[in-house]
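Treat the numbers as computed from the prediction; the structure is a model and nothing was measured. Every chain is numbered from 1 and lettered A, B, ... according to where its sequence line falls, protein lines coming before strand lines. The analysis underlying the following values was restricted to heavy atoms, covering all of them including side chains, and did not include hydrogens, waters or symmetry mates.
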Number of protein chains: 2
Amino acid sequence: MAKDRKIDVVILGLLCHEPLTGYDIKKRIDGGIRFFWKGSFGSIYPALADMEKTGLVRKTMSSKASGSRERIPYEITEQGMKILTSWLEDSKVSNELKYETLLKLFFGEVTDKSVSIKTIENFESQIEQELGLLRMYQKNLYKVLTEEKHIYYYLTVSFGVETYEAYLRWCQMAKKMLE
Amino acid sequence: MAKDRKIDVVILGLLCHEPLTGYDIKKRIDGGIRFFWKGSFGSIYPALADMEKTGLVRKTMSSKASGSRERIPYEITEQGMKILTSWLEDSKVSNELKYETLLKLFFGEVTDKSVSIKTIENFESQIEQELGLLRMYQKNLYKVLTEEKHIYYYLTVSFGVETYEAYLRWCQMAKKMLE
DNA sequence: ATCAGCATGTAAGGCGTTACATGATTCA
DNA sequence: TGAATCATGTAACGCCTTACATGCTGAT
């Protein structure tokens with residue numbers, strides 16, 4: 001695996017459950033994972049190609065047979081599983097937040113207060129919208145917690161719900177303080 | 001300003017209050033701003049050079065005169081102020097969170113539950129430590145809220161406190177759920 | 001017929017980190 | 001004397017996004 005390219009483990013993790021094409025992987029990332037990690041075609045396909053070369057994934061046998069459309073599903077190899085678990089067990093993590101909203105607020109003194117208030121309101125409505133989605137995911141996952149993997153999905157979604165609720169409380173406070 | 005290089009506005013924002021050297025800017029970023037935006041020497045010095053060329057910043061007159069050490073303080077120009085305020089007023093923002101902790105947790109089913117618990121505990125202690133710092137900043141800023149810019153600093157710090165507290169609550173819940 | 005979605009991939013270019021190179025000053 | 005901090009800058013390299021190129025399928 002490339003030194004610091006986390007897209008590799010995202011792909012490896014997704015392939016644990018079932019073979020997927022690059023296109024499938026993109027869809028999985030865009031639905032749920034995107035709240036804490038992103039990925040584009042331009043990063044997925046090259047990563048898949050690299051990992052096939054190094055033996056972490058392989059094309060499934062049905063790759064060409066399935067039909068006329070050229071779907072190329074990949075599956076994880078034993079080597080790939082080793083890399084994935086050793087990453088999971090590695091205690092080094094990089095958690096990073098890059099919020100332009102906070103950057104703008106930090107320099108809010110430069111212009112009128114109303115600009116900062118707009119920045120906050122902007123953020124607020126974006127968060128409200130996404131919180132709606134997260135709560136829906138959360139509710140649906142709660143119903144199927146018996147399956148073990150859903151516990152993990154539930155936890156990550158709950159992280160989103162908890163923090164987004166905290167964001168909204170902060171928005172209230174911040175607006176009050178500026179008005 | 002380069003199309004999407006936010007380090008430019010970070011620098012511009014910092015230069016609003018006083019002339020600073022690249023080294024000073026790095027220190028400012030590392031203390032406080034780093035919670036929501038980062039910057040390294042390798043990005044600061046080239047940005048400063050570019051912005052001098054495009055007239056957003058300029059070297060102060062005292063640049064060489066101040067002493068034997070080669071300190072090169074920059075100040076913001078009117079052009080720079082224009083860029084800064086138009087960025088502040090622009091409602092487009094990119095807020096992005098990349099938490100490897102959540103990624104690991106999402107794929108937690110792959111190995112033993114204890115691995116995920118360790119991942120959470122790891123995160124928890126990191127957050128506890130930084131929360132201590134944030135609360136200290138918050139307390140100190142609260143005392144000097146009369147100065148307008150401190151209100152903005154206070155708000156960003158409070159954002160950190162609010163969310164980190166939410167993280168810790170989530171850690172408790174998550175550990176309980178896995179045990 | 002045409003548009004949206006499925007599907008794979010490449011190329012250019014921007015952003016940013018890390019490591020390196022260099023050297024002065026301050027303090028124990 | 002040696003370590004830490006001050007201070008500026010470059011070079012290599014990696015990661016990722018955006019846009020492009022291409023073409024099929026299915027629904028309206």
Side-chain angles (χ1 to χ4, degrees), chain A residues 1-11 14 19-31 33-34 36-54 57 59-60 62-74 92 94-98 100 103, chain B residues 1-11 14 19-31 33-34 36-54 57 59-60 62-74 92 94-98 100 103:
Chain A
M1 191 178 65
K3 227 184 34 181
D4 235 20
R5 204 176 51 177
K6 300 288 159 50
I7 190 68
D8 293 21
V9 281
V10 176
I11 293 173
L14 287 171
L20 297 169
T21 67
Y23 197 84
D24 294 335
I25 289 166
K26 175 74 165 95
K27 276 191 297 178
R28 293 281 201 290
I29 292 175
D30 286 348
I33 292 179
R34 77 162 194 286
F36 50 87
W37 214 271
K38 286 180 185 61
S40 61
F41 288 128
S43 67
I44 293 167
Y45 286 116
L48 237 18
D50 288 355
M51 289 197 291
E52 202 200 358
K53 246 180 268 170
T54 53
V57 302
K59 286 176 182 148
T60 61
S62 58
S63 286
K64 252 304 149 68
S66 60
S68 52
R69 290 211 262 0
E70 49 157 350
R71 272 178 63 80
I72 309 176
Y74 290 85
K92 268 179 299 175
S94 111
N95 292 326
E96 115 181 48
L97 186 134
K98 286 180 86 177
E100 206 176 344
L103 205 50
Chain B
M1 192 178 66
K3 225 183 36 181
D4 234 22
R5 204 176 51 177
K6 299 289 158 53
I7 190 68
D8 293 22
V9 281
V10 176
I11 294 173
L14 287 171
L20 297 169
T21 66
Y23 196 86
D24 294 335
I25 290 166
K26 175 74 165 94
K27 277 190 297 179
R28 293 281 199 291
I29 292 174
D30 286 347
I33 292 178
R34 76 163 195 285
F36 50 86
W37 214 273
K38 286 180 184 62
S40 61
F41 288 128
S43 67
I44 294 167
Y45 286 115
L48 237 17
D50 288 355
M51 290 196 291
E52 202 200 358
K53 246 179 268 170
T54 52
V57 301
K59 287 176 182 145
T60 61
S62 57
S63 286
K64 248 324 159 43
S66 60
S68 51
R69 292 211 260 359
E70 50 158 348
R71 272 178 63 80
I72 308 175
Y74 289 85
K92 268 178 300 174
S94 111
N95 292 326
E96 118 182 46
L97 186 134
K98 286 180 87 176
E100 206 177 344
L103 205 50

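For Tyr23(A) and dC6(C), the shortest distance from a side-chain N or O to OP1 or OP2 is below 4.0 Å. Within the structure, every side-chain polar atom (N or O) of Ser40(B) is placed at least 4.0 Å from both OP1 and OP2 of dG16(C). Of the side-chain N and O atoms in Ser43(B), none sit less than 4.0 angstrom from OP1 or OP2 of dC15(C).
Closest to the side chain of Lys38(B), from the set dT17(C), dC16(D), dG9(D), is dT17(C). Checked against dC15(D), dG9(D), dG16(C), the side chain of Asp4(A) finds its nearest nucleotide in dC15(D).
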- request: With side chain to side chain contact (heavy atoms under 4.5 Å, CB included) as the test, would you mind laying out the steps for Ile25(B) and Leu48(B) before giving the verdict?
  value: CA-CA 10 Å; Ile25(B) 290 166; Leu48(B) 237 17; 4.1 Å; yes
message: Show, in sequence, the C-alpha distance, side-chain angles and deciding distance for Lys98(A) and Trp37(B), and conclude whether the side chain to side chain contact (heavy atoms under 4.5 Å, CB included) test is met.
response: CA-CA 5 Å; Lys98(A) 286 180 86 177; Trp37(B) 214 273; 3.6 Å; yes
query: Hey, mind stepping through Val10(B) and Arg28(B) against side chain to side chain contact (heavy atoms under 4.5 Å, CB included) and telling me if it holds?
result: CA-CA 10 Å; Val10(B) 176; Arg28(B) 293 281 199 291; over 6 Å; no
message: I'd like to know whether Ile29(B) forms a side chain to side chain contact (heavy atoms under 4.5 Å, CB included) with Ile44(B), so could you lay out the CA-CA distance, the side-chain angles of the two residues, the decisive distance to 0.1 Å, and finally the verdict.
response: CA-CA 10 Å; Ile29(B) 292 174; Ile44(B) 294 167; 4.1 Å; yes
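In this structure, Arg71(A) places its CZ atom 18 Å from P of dC24(D), rounding to the nearest Å. When the C1' atom of dC15(D) is taken as reference, atom CE of Met51(A) falls 15 Å away, rounded to whole Å. Distance Lys59(A) NZ to dA7(C) P: 16 Å, rounded to the nearest Å. Rounded to whole angstrom, the span from the CD atom of Glu70(A) across to the P atom of dT22(D) amounts to 14 Å. Residue Asp30(A) contributes atom CG, which lies 14 Å from atom C1' of dC6(C) at whole-angstrom precision. Rounded to an integer number of Å, the gap from Ile44(A) CD1 to dC6(C) P is 14 Å. A straight line from CD1 of Ile72(B) to C1' of dA24(C) spans 14 Å, rounded to a whole angstrom. dT17(C) atom P lies 15 Å from atom CZ of Arg34(B), rounded to whole Å.
One end of the helix from dA1(C)-dT28(D) to dA28(C)-dT1(D) points its axis 30° away from the other end's axis, with each axis taken from 5 pairs and the angle rounded to 10°.
Judged by distance alone, the side chain of Asp30(B) and the main-chain N or O of Lys27(B) form no donor-acceptor pair under 3.5 Å. For the pair Glu100(B) (side chain) and Ser94(A) (backbone), a donor-acceptor distance under 3.5 Å is present.
The nearest heavy atom of DNA chain D to Lys27(B) and to Gly42(A) marks one nucleotide each, and the one closer to the 5' end goes with Lys27(B).
Using a 4.5 Å heavy-atom cutoff, the side chains of Leu14(B) and Ile11(B) are not in contact.
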